[in-house]
Amino acid sequence: MTSASTAQSASADRSGPAAPPTDAGGIPAVVRRRLATVEARLDVNSWVATAVVVAIAAVLRLLGLSSPKGKIFDEIYYARDGYGLIDKGVEWNYKDNGPSYVVHPPLGKWLIGLGEWAFGYQDQEHGISVPGHLVTTAPEFGWRFSAAVAGIVSVLLLVRIARRLFRSTVLGCAAGLLLALDGFHLVLSRTALLDIFLLLFVLAAFGALVLDRDARRRRWTRALEGGLDPSLRGRAGRPAGGWRTWPWWRLAAGVLLGCAVGVKWSALWFVPAFAVLVFLWEVGVRRSAGVRRPWLDALLDELPWMVLAGLLIVGTYLLTWSGWLLGDVGYYRTASPSYPMLSDTPVLGALNNLYQYHKAAFEFHTGLESAHKYQSWPWQWLLLGRPVAFYWSGEGACGAPSCAAEILLLGTPLLWWSFLPALVALVWLGVARRDWRAGAILVAVAAGLLPWFWFALDGRTMFSFYAAPALPFLVLAVVYVLGAIVTPTGPAGAAPADADPEQGYDRRLVGGLVVGGYVLLVALCFAYFHPIFVGTLLPYEDWSARMWLDGRWI
């Protein structure tokens with residue numbers, strides 16, 4: 001043994017056992033591995049719990065989907081338009097044998113048509129009966145299937161998004177279960193309308209942005225642990241670049257928002273709202289990292305990506321019109337004296353006519369003021385002031401002198417009447433905790449509801465189902481408050497340094513009972529109203545007993 005090695009051995013003997021190897025964050029590698037193993041097991045358990053919630057949602061949405069028979073409410077338009085897109089590439093008027101004039105983009109109807117392609121379609125009025133390419137079922141199942149899938153997937157997404165936001169499988173599953181047990185969501189999931197697809201794509205875009213936020217923060221954390229000095233100017237003070245570090249989730253959100261706009265234009269309000277969220281999150285991560293000018297740095301670094309995401313929104317939206325653009329039979333597709341082709345170039349001419357089509361549709365939407373029996377105002381929606389009756393029948397045997405069957409677009413009352421108090425509490429808690437999650441939920445709710453208050457000033461005809469894209473975020477508001485009841489911690493979930501562990505345990509126990517009790521009460525309320533969500537034939541007295549707001553719900 002050399003003198004040098006001897007000295008090293010002696011030094012080691014004097015200093016005790018060698019310290020275990022650590023990673024760049026100062027955490028022993030063995031501890032890091034054990035934590036990763038525990039986290040993996042917890043994630044597996046969370047997916048099992050998620051599967052149970054999604055299974056409940058699937059049973060509620062698929063069981064008896066083909067009842068009632070025939071087209072109910074606006075299915076008379078959208079089921080027919082969906083088949084026209086599959087058959088002709090554009091919405092088609094089979095009575096006049098020509099293209100239909102429609103005022104909503106085609107993606108939602110494409111999705112409805114996909115279910116009809118798979119399971120069959122029938123239109124007795126126009127002598128159409130087409131078997132399914134996969135399985136031939138009752139035609140109603142075909143045109144309602146895609147809406148049911150969208151409803152189930154939205155429950156899945158909400159569970160995972162809520163779990164990621166609140167770092168709690170229990171709260172994530174509570175969010176998904178509340179959505180699954182909401183009558184408003186259930187009815188839209190069992191009807192061939194567009195709004196459930198709008199809800200799905202907006203929620204998916206929000207989830208992608210939450211993943212983007214996490215990914216960008218991990219990138220900064222790794223760079224700081226690797227010795228990055230954020231006070232340096234230019235790229236030297238920023239995390240390393242490369243295509244692997246691109247904001248892929250943000251770009252995915254752009255595609256998903258393009259899909260949402262391709263269902264209904266009301267998704268446009270979420271575009272600036274989500275852009276503001278992304279920018280504020282980028283400022284926040286730079287401020288936490290110690291960047292000297294976080295606002296300017298975020299603007300310069302992220303503006304190109306925001307522009308690219310915007311281009312993806314536009315490009316995706318145009319792709320939803322591919323059937324109209326690639327064919328020559330769509331309404332407004334070819335030139336006429338009132339809207340001549342812009343040029344002889346097919347692309348420019350088609351885009352010009354598409355612009356003319358959008359102009360006419362926009363004038364329709366802004367001028368829609370005709371009275372409707374089930375119209376309502378935005379300030380009535382969360383109070384369930386005027387739900388929409390999708391179906392009504394008094395025929396059939398129910399063991400009573402008179403019977404009634406109805407499908408009423410009504411939110412589960414206990415849940416919906418919790419929304420306004422939850423929003424007030426969310427504002428208070430968000431300000432007190434300076435919690436980004438509260439702000440994100442409030443921005444999404446505002447984007448889904450507030451624009452309709454503006455349109456209401458002009459007397460525009462509107463309906464309660466316009467609130468659909470805000471629904472998942474309203475549920476998140478309720479779950480946020482439930483989480484605050486369980487544990488009074490800040491955004492990081494860390495208890496105060498002087499907190500009493502025994503008191504914390506008691507608080508969590510009581511809070512858990514409150515959360516479980518609330519979800520149970522919502523489930524019981526849902527079960528009571530379930531017959532009027534799915535059109536079950538009831539004795540008239542039983543149906544009338546469920547009309548709590550009397551004339552408002554009839």
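Note that the structure is predicted; figures quoted are calculated from it, not measured.
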**Asked** What's the verdict on ring-ring contact (aromatic ring centres under 6.0 Å, His included) for Trp548 and Phe529, showing C-alpha distance, side-chain angles and the deciding distance?
**Response** CA-CA 11 Å; Trp548 284 2; Phe529 284 96; 4.8 Å; yes

**Message:** Applying side-chain contact (heavy atoms from CB on, under 4.5 Å) to Val159 and Leu179, what does each step give before you reach the verdict?
**Reply:** CA-CA 9 Å; Val159 173; Leu179 189 64; over 6 Å; no

**Message:** Set out, in order, the CA-CA distance, both residues' side-chain angles and the distance that settles side chain to side chain donor-acceptor pair (under 3.5 Å) for Ser464 and Arg386, then state yes or no.
**Reply:** CA-CA 7 Å; Ser464 62; Arg386 187 55 174 156; over 6 Å; no

**Prompt:** Run the side-chain contact (heavy atoms from CB on, under 4.5 Å) check on Leu65 and Arg61 step by step: do they pass?
**Reply:** CA-CA 7 Å; Leu65 186 61; Arg61 280 146 185 79; over 6 Å; no

**Request:** Kindly determine whether Asp212 and Trp281 satisfy side chain to side chain donor-acceptor pair (under 3.5 Å), including the steps that lead there.
**Result:** CA-CA 10 Å; Asp212 174 71; Trp281 291 345; over 6 Å; no

**Intermediate values then yes/no, side-chain contact (heavy atoms from CB on, under 4.5 Å), Val170 and Val486** = CA-CA 11 Å; Val170 172; Val486 173; over 6 Å; no

**Request:** Might you work through the side chain to side chain donor-acceptor pair (under 3.5 Å) test for Arg144 and Ser189, ending with a clear yes or no?
**Result:** CA-CA 8 Å; Arg144 294 171 188 159; Ser189 300; over 6 Å; no

**Request:** Carefully, step by step, assess Asp74 and Tyr77 under the rule side-chain contact (heavy atoms from CB on, under 4.5 Å).
**Result:** CA-CA 5 Å; Asp74 282 353; Tyr77 305 114; 3.5 Å; yes

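A ring-ring contact (aromatic ring centres under 6.0 Å, His included) with His358 is found for exactly one of Trp324, Trp321, Tyr331, namely Trp321. Of the candidates Val202, Val443, Leu442, Phe473 forms a side chain to side chain contact (heavy atoms under 4.5 Å, CB included) with just one, namely Val202. Here the options are Tyr94, Trp143, Trp117, the test is ring-ring contact (aromatic ring centres under 6.0 Å, His included), and the partner is Tyr83; only Tyr94 passes. With Val54 as the partner, the side chain to side chain contact (heavy atoms under 4.5 Å, CB included) test is satisfied by one option alone out of Val153, Val59, Ile152: Ile152.
Using a 4.0 Å cut-off between a side-chain N of Lys or Arg and a carboxylate O of Asp or Glu, Arg190 and Glu140 do not qualify as a salt bridge. Taking the charged nitrogens against the carboxylate oxygens, Arg80 and Glu75 have no contact shorter than 4.0 Å, which rules out a salt bridge. For Asp435 and Arg437, the salt-bridge test passes: some basic side-chain N is under 4.0 Å from an acidic carboxylate O.
The two residues Phe197 and Gly108 have their closest heavy-atom pair at CE1-O, 3.8 Å. Heavy-atom minimum distance, Leu157 versus Ala204: CD1-CB, 3.8 Å. Listed here is the closest heavy atom pair of Ala267 and Leu198: CB-CD1, 3.6 Å. Looking at every heavy atom in both residues, Leu251 comes nearest to Ala309 through CD2-N, 4.2 Å. Listed here is the closest heavy atom pair of Val475 and Ala175: CG1-O, 3.6 Å. Closest heavy-atom contact between Ala174 and Val479: C-CG2, 4.4 Å.
The side-chain heavy atoms of Leu277 and Phe274, taken from C-beta on, include a pair separated by under 4.5 Å. Using a 4.5 Å heavy-atom cutoff, the side chains of Leu420 and Leu383 are in contact. Proximity of Tyr78 to Ile76: side-chain heavy atoms (C-beta onward) are nowhere separated by under 4.5 Å. You'll find the side chain of Leu107 stays beyond 4.5 Å of the side chain of Leu319, heavy atoms only. Residues Trp92 and Val90 meet the side-chain proximity criterion, which asks for heavy atoms closer than 4.5 Å. You'll find the side chain of Ile56 stays beyond 4.5 Å of the side chain of Val53, heavy atoms only. Side-chain atoms of Leu199 and Pro472, non-hydrogen and from C-beta on, do get closer than 4.5 Å to each other. With a 4.5 Å cut-off on side-chain heavy atoms, Val155 and Leu158 do not count as touching.
For Trp381 and Phe419, the distance between ring centers is not under 6.0 angstrom. A ring-centre distance under 6.0 Å is not found for Trp269 and Trp454. With ring centers used as reference points, Phe533 lies under 6.0 Å from Phe526.
Under a cut-off of 6.0 angstrom, the local environment of CH2 in Trp428 is sparse, with at most 12 non-hydrogen atoms contributed by other residues, nucleotides or ligands. In Leu513, the CG atom is crowded: over 12 heavy atoms of neighbouring residues, nucleotides or ligands sit closer than 6.0 Å. Taking a 6.0 Å sphere around CH2 of Trp249, one finds it holds 12 or fewer heavy atoms contributed by other residues, nucleotides or ligands. Counting non-hydrogen atoms of other residues, nucleotides and ligands closer than 6.0 Å to OH of Tyr528 gives a total above 12.
Remark: side-chain polar atoms of Thr191 are not paired, donor with acceptor, to backbone N or O of Leu188 under 3.5 angstrom. Judged by distance alone, with hydrogens and angles left aside, the side-chain atoms of Asn353 form a donor-acceptor pair with the main-chain N or O of Tyr332 at under 3.5 Å. Judged by distance alone, with hydrogens and angles left aside, the side-chain atoms of Lys109 form a donor-acceptor pair with the main-chain N or O of His104 at under 3.5 Å. Within the 3.5 Å criterion, the main-chain N or O of Leu384 finds a donor-acceptor partner in the side chain of Trp553. Side-chain atoms of Glu363 never come within 3.5 Å of backbone atoms of Ala360 as a donor-acceptor pair (strictly under, hydrogens ignored). At distances below 3.5 Å, not a single donor-acceptor pair connects side-chain atoms of Asp458 with backbone N or O atoms of Arg460. Not a single donor-acceptor pair under 3.5 Å links the side chain of Thr412 to the backbone N or O of Leu414. Looking only at distances, a side-chain donor or acceptor of Thr320 sits under 3.5 Å from a matching main-chain atom of Tyr317. Although no hydrogens or angles enter the test, the distance criterion places a donor-acceptor pair under 3.5 Å between the side chain of Ser146 and the main chain of Leu111.
Ring orientation note: the planes of Tyr540 and Trp543 are tilted relative to one another, at an angle of 30° to 60°. Ring planes of Tyr480 and Phe166: perpendicular class, angle over 60° (limits at 30 and 60°).
Side-chain N/O atoms of Ser154 and His185 include a donor and acceptor closer than 3.5 Å.
Atom CZ in Phe455 sits 13.0 Å away from atom CH2 in Trp377 (nearest 0.5 Å). From Ser418, atom OG reaches atom CG of Leu382 across 11.0 Å, with rounding to the nearest 0.5 Å. Of the inter-residue distances, the one linking Thr536 atom OG1 with Asp542 atom CG reads 11.5 Å to the nearest 0.5 angstrom. With rounding to the nearest 0.5 Å, the separation of CG in Leu178 from CG in Leu474 is 12.0 Å.
In this view, Arg546 satisfies the salt bridge (charged side-chain N to carboxylate O under 4.0 Å, His left out) rule with no residue, not counting sequence neighbours.
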